[in-house]
*Asks:* 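Encoded as structure tokens, here's the structure I'll be asking about.
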Amino acid sequence: SYDKLVLSPGATPIRPPMPGIDLPGVFKVRTVPDVKEIKEWLEGHDPFSGGMHTYTGYQTVVPAKRAVVVGGGFIGLEMAENLAHLGLQVTLIQRGDQLMAPMDPEMARYVERHMEKNSVRLVLNDGAARFEQTTAGSLEVHTESGQVYPADIVVLGIGVRPENWLAKNAGLAIGTLGGIRVDDQMRTSDPHIFAVGDAVEVKDYLTGQYSLVALAGPANRQGRIAADVIAGRDSRFRGTQGTAIIGLFGAAAAWTGLNEKTLNRIGETDYEKIYLYPNSHAGYYPGAKYLAMKIIFRKSDGRLLGAQAVGQDGVDKRIDALAMAIQLGATVYDLEESELCYAPQFGSAKSPVNFAGMVAAGVLRGDLPLAHWSSRDSEFLLDVRHAEEIAVERVPGAVNIPLHQLRARLNELPRDREIHVICRSGQRAYYATRILQQNAFKVRNLAGGMLSRTIIAED
């Protein structure tokens, strides 16, 4: 019996009924004991030995132990990293066209490149179909496209689903996404029963739509709110904005708020996006690393909607600052004025957060009219990089006039066509855009320059 009941059953790993999924050596990951079981399996099967294998008639020395990870989310990527650190040859299979679904595809490409740079083989747009055991006792992963990947261990990181069976059997309302439906005080459809954590559906802070967010931060806040309400306080959960981070091979990827995929899915058009590539701290101080950042904001009022960042230093503190800005309903104009810690080993006098606000506000004020690589048509393309940069990577059809020569060569540019300007990251293109604007040219800056083009062109 109870006066009040709190359900916190969490989520369970998705384990589809595929042939061979119960074979020895095929593992799911949910708990510490699951990881311990994987570790014991590896220790018992000597993953660190080498061996001779014959392929297509020739011999080569390869690692004797091969791991296949199925799934490109948090668990899949973290398992791939740790298996690679143990010296295993790792293949990661992902049914979708990108890793890390909460990120937009062009930002996820940075993660994918980093994984491949660290010897993780990626297989995208293909899903595992079945698992088979060979006569030698090893495993084979057969995919939907008909490919076969040999393995000595398989780890499933396909995702999780809410553990809702008790709530469902008790007659509590279950949402359309499969989570226990709760209000902003964490009450279920039975006013005496509360539910918190990965098992519940909660509203997105920005869209108001129900979502499933399997993150520890929101779960802890929900538990505190449920306890407050049971004790008689009028506490309420504001909703979640999905702030998260993952560390991989010495780098990190993080995000908060809405991504562009979600905005397109819900039919939202009142937004703009920018890409920027600031240093993690002052460039003259040793060890600075550049960050790749994407900022999404409303065109109508400048309200910050979402942010994504990838890099080797300072990713967490920039996304933390932007997450708080979203929570407070801040605009990109507020980011311009944010006063943040500065010393050369920690940041720059103009923080990446300030930088993001200044660039975005410049767009809204008309100082920086933007175009995007994904929406280019037949506009005149002006490349203001130096000749030696063009020799390394060029855009077909672009006219090259280095920035320092631009004022003297304006007569070479058309006045009856819109000019789209590029450089490496966008800064020189901004200067060029301002020069052309002030000389009455129709002009736009291609967001993110060549750095964003290289990533977007891969999609």
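Computed over heavy atoms, backbone and side chain alike; hydrogens, waters and symmetry mates excluded.
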*Asks:* Does Lys168 have more than 12 heavy atoms from other residues, nucleotides or ligands lying within 6.0 Å of its NZ?
*Replies:*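 It does not: Lys168 NZ has 12 such atoms or fewer within range.
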*Asks:* Could you tabulate the donor-acceptor pairs under 3.5 Å formed by side-chain atoms of residues 406-414, not counting sequence neighbours?
*Replies:*
residue, atom, partner, partner atom, Å
Arg409, NE, Glu412, OE1, 3.4
Arg409, NE, Glu412, OE2, 2.8
Arg409, NH1, Gln405, OE1, 2.6
Arg409, NH2, Glu412, OE1, 3.1

*Asks:* Strictly by ring-ring contact (aromatic ring centres under 6.0 Å, His included), give each pair with a member in residues 338-357 just once, sequence neighbours left out.
*Replies:* none
*Asks:* Can you check whether Ser280's main-chain N or O pairs, donor with acceptor, with Arg318's side chain at less than 3.5 Å?
*Replies:* yes
*Asks:* Show your working on side chain to side chain contact (heavy atoms under 4.5 Å, CB included) between Ile435 and Leu403 and close with a plain yes or no.
*Replies:* CA-CA 10 Å; Ile435 291 170; Leu403 177 63; 4.3 Å; yes
*Asks:* Considering only residues two or more places apart or on different chains, which pairs with a residue in residues 216-255 satisfy ring-ring contact (aromatic ring centres under 6.0 Å, His included)?
*Replies:*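 Qualifying pairs: Phe74-Trp255, His85-Phe249.
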*Asks:* Can you tell me how far apart CG (Asn354) and CD (Glu337) are? Round to the nearest 0.5 Å.
*Replies:* 8.5 Å
*Asks:* So do Met107 and Met293 actually touch side chain to side chain, heavy atoms under 4.5 Å?
*Replies:* no
*Asks:* More than 12 non-hydrogen atoms from neighbouring residues, nucleotides or ligands closer than 6.0 Å to CD on Glu339, yes or no?
*Replies:* no
*Asks:* Going from CD1 on Ile174 to CG on Asn164, what distance comes out if it is rounded to the nearest 0.5 angstrom?
*Replies:*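 Between Ile174 CD1 and Asn164 CG, I get 4.5 Å after rounding to 0.5 Å.
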*Asks:* Holding to side-chain contact (heavy atoms from CB on, under 4.5 Å), I want the full list of residues that pass it with Ala429, two or more places apart in sequence or in another chain.
*Replies:* Val421, Cys423, Asn445
*Asks:* Can you confirm whether the side chains of Asn264 and Tyr271 place a donor and an acceptor under 3.5 Å from each other?
*Replies:* yes
*Asks:* Tell me, please, which residues at least two apart from Ala360 pass side-chain contact (heavy atoms from CB on, under 4.5 Å).
*Replies:* Ile274, Phe297, Val332
*Asks:* So how far is it from Leu305 CG to Ile296 CD1, rounded to the nearest 0.5 Å?
*Replies:* 7.5 Å
*Asks:* Ser211 side chain to Val202 main-chain N or O, any donor-acceptor pair under 3.5 Å?
*Replies:*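 Confirmed, Ser211 side chain pairs with Val202 backbone.
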*Asks:* Taking only residues two or more places apart in sequence or in another chain, which ones pass salt bridge (charged side-chain N to carboxylate O under 4.0 Å, His left out) with Lys28?
*Replies:* Asp34
*Asks:* Counting C-beta onward and ignoring hydrogens, is there a side-chain heavy-atom pair between Glu201 and Leu212 closer than 4.5 Å?
*Replies:* yes
*Asks:* Show the atom names and distances, to 0.1 Å, of all donor-acceptor pairs under 3.5 Å that link a side chain in residues 214-234 to residues at least two apart or in another chain.
*Replies:*
residue, atom, partner, partner atom, Å
Asn220, ND2, Ala216, O, 2.8
Gln222, OE1, Gly197, N, 2.7
Asp228, OD2, Ser235, OG, 2.8
Asp234, OD1, Gln185, NE2, 2.9
Asp234, OD1, Arg236, NE, 3.4
Asp234, OD1, Arg236, NH2, 3.1

*Asks:* If you measure from NZ on Lys442 to NE2 on His420, what distance do you get to the nearest 0.5 Å?
*Replies:*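 Answer for the NZ-NE2 pair, Lys442 versus His420, is 10.5 Å.
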*Asks:* Could you work out, with salt bridge (charged side-chain N to carboxylate O under 4.0 Å, His left out) as the rule, every residue matching Arg187, not counting sequence neighbours?
*Replies:*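 Once residues adjacent in sequence are excluded, Arg187 has no partner under the salt bridge (charged side-chain N to carboxylate O under 4.0 Å, His left out) criterion.
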*Asks:* Testing Ile422, Leu446, Asn400 one by one against Val395 for a side chain to side chain contact (heavy atoms under 4.5 Å, CB included), which residue passes?
*Replies:* Ile422
*Asks:* Is there side-chain contact between Met100 and Glu112, with heavy atoms separated by less than 4.5 Å?
*Replies:* no
*Asks:* Carefully, step by step, assess Leu322 and Leu335 under the rule side chain to side chain contact (heavy atoms under 4.5 Å, CB included).
*Replies:* CA-CA 8 Å; Leu322 293 167; Leu335 300 186; 3.7 Å; yes
*Asks:* Restricting to salt bridge (charged side-chain N to carboxylate O under 4.0 Å, His left out), what partner residues turn up for Arg428, sequence neighbours left out?
*Replies:*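 Result, salt bridge (charged side-chain N to carboxylate O under 4.0 Å, His left out) vs Arg428: Glu389.
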*Asks:* Evaluate the salt bridge (charged side-chain N to carboxylate O under 4.0 Å, His left out) criterion for residues Asp383 and Arg385: first the C-alpha distance (whole Å), next the side-chain angles of each, then the deciding distance (0.1 Å), finally the verdict.
*Replies:* CA-CA 6 Å; Asp383 192 330; Arg385 294 177 296 155; 2.8 Å; yes
*Asks:* Do side-chain atoms of Asn259 reach the backbone of Thr262 as a donor and acceptor pair under 3.5 angstrom?
*Replies:*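 Checking the backbone N and O of Thr262 against the side chain of Asn259, a donor-acceptor pair under 3.5 Å is found.
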*Asks:* Should Arg109 and Glu106 count as an ion pair when the cut-off is N to O under 4.0 Å?
*Replies:* no
*Asks:* To the nearest 0.5 Å, tell me how far Thr256 OG1 sits from Ile245 CD1.
*Replies:*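 Taking OG1 in Thr256 and CD1 in Ile245, the distance rounds to 11.5 Å.
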*Asks:* Find out whether Thr91 and Val141 are in side-chain contact, i.e. whether some heavy atom of one side chain is under 4.5 Å from a heavy atom of the other.
*Replies:* no
*Asks:* Taking atom types as modelled, find out whether Tyr431 and Gln427 have a side-chain donor-acceptor pair closer than 3.5 angstrom.
*Replies:*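 Side-chain D/A pair, Tyr431 to Gln427: present.
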*Asks:* For Glu116, check salt bridge (charged side-chain N to carboxylate O under 4.0 Å, His left out) against everything at least two apart and list the hits.
*Replies:* none
*Asks:* Give, for atom CZ of Arg303 and atom CG of Leu206, the distance between the pair rounded to the nearest 0.5 Å.
*Replies:*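 Reported value, rounded in 0.5 Å steps: 5.5 Å.
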*Asks:* My understanding is that only residues two or more places apart in sequence, or in another chain, count here; which of them pass ring pair (Phe, Tyr, Trp, His ring centres under 6.0 Å) with His142?
*Replies:*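 His142 satisfies ring pair (Phe, Tyr, Trp, His ring centres under 6.0 Å) with no residue once adjacent residues are dropped.
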*Asks:* So does Met450 get a backbone contact from the side chain of Trp373, meaning a donor-acceptor N/O pair under 3.5 Å?
*Replies:* no
*Asks:* Tell me, please, which residues at least two apart from Ser145 pass side-chain contact (heavy atoms from CB on, under 4.5 Å).
*Replies:* Asp126, Thr143, Gln147
*Asks:* Any side-chain heavy atom of Leu99 within less than 4.5 Å of one from Leu92?
*Replies:*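 Answer yes - side chains close enough.
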